[in-house]
Amino acid sequence: MERVLRGLPASPGICAGPVHLLRWEVPEVEPRLVRDDEVAAELARWRTALDAARARLRLVRERTAQHAGEAEAMIFEVQLEMLGDTSLVGEVEGFIRERRAAEHAFDLVMLEWKRRFDRSPNPMLRERVGDLTDLQIRVLSLLLGLPDRDPVVLPKGTQAILVTHDLTPSLTVQLDREAIAGLATDEGTSTSHVAILARSLGIPAVVGLRDATSRLAGTERAVLDGARGVLVVNPSDEEVAGFLRRAEETAVLEAELRAQAQLPSTLADGEAMQLRVNVDIPEESELAAHSGADGVGLMRTEFIVLGRAQMPDEDEQYRAYRRVVEAFGGKPVVIRTFDIGGDKLPVGGFPSEPNPFLGWRAIRMCLDQPELFGVQLRALLRAAAHGDVRLLLPLVVSVDEVREVRALLGDAVRVLQARGANFRAAVPLGVMIETPAAAVAADTFVQDADFFSIGTNDLVQYTLAVDRGNVNLADRFTPLHPAVLRLIRQTVQAGARGGLEVSVCGEMGSNPLMAFVLVGLGIRTLSVSPRALPFLKRVLRAVPASAAREAAEAACAVGTAAEAERIVRRQLRAAARELPAAELGLLDPDQLDMFPRPGSI
């Protein structure tokens, strides 16, 4: 086996530890009949496995509540309810009484239930397919006597590297920083939601390893380098020492950068910038607020709803939004309405759609579910009473959608007024520019929108027809493609003509190389991961706007992303020559430790 497994950088950082291999996949079940005199024993075996699965789920739920919170732990409450469903249990036992082996009986019932949920017109039921899959894995593993590879069995302080095929929501909420030092997955890219979450949580991660779970035995030790996208298996002592030395050097540099993080966000010529942060979960808001950020440029709200048996009510949402707003003490907080769909659903979510990225998701789903959307809008308006809240609409392609949302906001205001609630009605409403349609027609939005925010993750995906979650296409996901740069420039120009602020909230802004181009295209507000902000601020304070404009014009004029990258890298190094040599080294392709590589953003 190769000692160095190469994937894609997902979340920077270096860690060393034992491999914890988690093969969280439905095991194969051979159809098997039993004799009449064995039926009672099969029923007993089934009930024993059922009790064991329930006991484990209660333990998982308790531990998840302790280190992630009650809301996140609710996913296991749902699964416990499913395992206690008398209909499900009755169907399994009915098959066993027909002389089917317990694992065969349970597998048949799970397949039928998944098919039934899959075809349900109710989207919340379709999302439950992922929970059924989790139960199928858990109970079948017990019935088949397979090794227990549940992440909950890791004792605190283990500091293991979790290697798995992919992370489902039920696995994600179990991540315990006291037990897991790093993540490595077969699937995913640097812009998949798992990678974004890992960066948000500060966990080093490598994705897109393709077949690590089949190549590893789970008995190895490894070093994971999240910035370079490598997993080194059974490294020598000298190799471990080398990696850890580099980690220490990076930590020293990061500490120096954090100490300067409170400096003003400006370019070298004094032109003002706004450097805000992306917030994935409310729990990280207090830490993010001390990163030197000028506010929140994107608060994602999907983690409030994913993995839940039912939608959170208005009060729960209000508390989550308010927590972030108050943490930033009057600074702008841009909150995106539910962007559910695409890669932000549990396994099996919206499975009836052949292409969920082009399907019923984001603003489309919200407008088709006005009661569900109304709850979120009322919670947001209430949270706006506590600070500078601005709303952002995802996947908008037509001004009609903006007008529909304004009508729904009017309904929300009337409900809150009748209730006598404390809220703020005058909330800026922004459009997320993340499709070529929205970028090309940006001028049609300026009378109805208050600001633009460019979501580069999806804009690159839709412009280049490259699935950003497909590891086989990762090298084709190139943000510096001239088509992408020209769409961004066109959006900036339309916003300027309409007097609208235009920001970038996608992962592209977290990379100083990309940020340099964005500044040159006219962007003056960036929203990035909290960990990337200090170094980004340091670089931008070292470059003048004129140099950025020159680089952006040259990048837009060439024919390929590779040519554009060479030009921009050369000009950034020349413009930022006042930076210390150690920091200039971070702008080289093999030394990117503070942010993802340009080709994988």
Side-chain angles (χ1 to χ4, degrees), residues 21-61 75-120 122 125-153 164-171 174 186-187 213-214 217-218 307 309 346-349 351-352:
L21 186 60
L22 178 65
R23 292 195 176 100
W24 199 245
E25 300 163 351
V26 178
E28 290 188 17
V29 176
E30 293 291 332
R32 183 168 67 90
L33 295 177
V34 298
R35 301 190 306 270
D36 287 338
D37 60 357
E38 294 176 319
V39 168
E42 286 301 296
L43 285 169
R45 194 163 69 88
W46 150 250
R47 290 165 185 166
T48 298
L50 190 59
D51 288 343
R54 288 170 178 160
R56 171 51 60 84
L57 281 172
R58 284 191 285 270
L59 176 61
V60 172
R61 188 206 181 289
I75 187 172
F76 302 108
E77 198 68 45
V78 175
Q79 294 184 10
L80 279 165
E81 291 175 5
M82 287 179 167
L83 278 187
D85 189 286
T86 55
S87 177
L88 185 149
V89 173
E91 288 179 32
V92 173
E93 296 191 353
F95 278 129
I96 294 175
R97 290 189 176 92
E98 293 176 0
R99 297 177 49 230
R100 288 181 171 88
E103 64 274 10
H104 184 204
F106 180 70
D107 195 44
L108 287 173
V109 172
M110 284 292 98
L111 291 172
E112 172 56 26
W113 276 53
K114 286 164 72 173
R115 184 193 65 78
R116 195 184 311 160
F117 279 37
D118 188 10
R119 296 180 179 178
S120 171
N122 185 335
L125 271 185
R126 294 204 297 272
E127 288 186 28
R128 299 278 70 79
V129 174
D131 293 310
L132 291 173
T133 299
D134 279 351
L135 294 179
Q136 193 176 10
I137 294 168
R138 193 178 297 280
V139 177
L140 286 178
S141 296
L142 288 165
L143 288 168
L144 295 170
L146 299 177
D148 184 353
R149 299 191 183 277
D150 199 313
V152 78
V153 302
T164 189
H165 185 69
D166 201 1
L167 278 182
T168 65
S170 67
L171 297 179
Q174 294 182 67
D186 291 339
E187 294 294 317
T213 52
S214 61
V347 173
S352 59

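- Taken to the nearest 0.5 Å, the CG atom of Leu57 stands 4.5 Å off from the CZ atom of Arg138.
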Worksheet item: Going through the checks in order, is the side chain to side chain contact (heavy atoms under 4.5 Å, CB included) test met by Leu21 and Thr213?
Response: CA-CA 7 Å; Leu21 186 60; Thr213 52; 4.0 Å; yes
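- Under a 4.0 Å N-O distance rule, the pair Arg100/Glu98 qualifies as a salt bridge.
- Of all non-hydrogen atoms in Val129 and Lys114, the two that sit nearest each other are CG2-O, 4.0 Å.
- Note that CZ of Arg116 is 5.0 Å distant from CD of Glu112, once rounded to the nearest 0.5 Å.
- Every side chain to side chain contact (heavy atoms under 4.5 Å, CB included) that Arg32 has, sequence neighbours left out, goes to Val34, Glu42, Arg45, Ala101, Glu103.
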Worksheet item: After noting the C-alpha distance and the side-chain angles of Leu167 and Trp24, does the key distance pass the side chain to side chain contact (heavy atoms under 4.5 Å, CB included) rule?
Response: CA-CA 9 Å; Leu167 278 182; Trp24 199 245; over 6 Å; no
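- Atom CG of Leu140 is separated from atom NE2 of His104 by 11.0 Å, given to the nearest 0.5 angstrom.
- Of the inter-residue distances, the one linking Arg23 atom CZ with His165 atom NE2 reads 12.0 Å to the nearest 0.5 angstrom.
- Here the CZ atom belonging to Phe95 is positioned 10.5 Å from the CG atom belonging to Asp107, to the nearest 0.5 angstrom.
- By the 4.5 Å heavy-atom criterion applied to side chains, Arg61 and Gln79 are not counted as neighbours.
- The CD1 atom of Ile137 sits 7.5 Å away from the CD atom of Glu25 when rounded to the nearest 0.5 Å.
- When all heavy atoms of Thr133 and Val26 are compared, the closest pair comes out as CG2-CG2, 3.9 Å.
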Fill in: From CA spacing to verdict: side chain to side chain contact (heavy atoms under 4.5 Å, CB included), Leu111, Gln136
CA-CA 9 Å; Leu111 291 172; Gln136 193 176 10; 4.1 Å; yes
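- The closest side-chain heavy-atom distance from Arg97 to Leu43 is below 4.5 Å.
- Here Asp85 pairs with Ser87, Leu88, Trp113 under the side chain to side chain contact (heavy atoms under 4.5 Å, CB included) rule; sequence neighbours left out.
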Item to complete: Output, in order, the C-alpha distance, side-chain angles, deciding distance and verdict of side chain to side chain contact (heavy atoms under 4.5 Å, CB included) for Val139 and Trp46.
Response: CA-CA 9 Å; Val139 177; Trp46 150 250; 4.1 Å; yes
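- The two atoms that bring Leu83 and Ala53 nearest to each other are CD1-CB, 3.9 Å, heavy atoms only.
- The shortest non-hydrogen separation linking Ala52 to Leu142 is CB-CD1, 4.0 Å.
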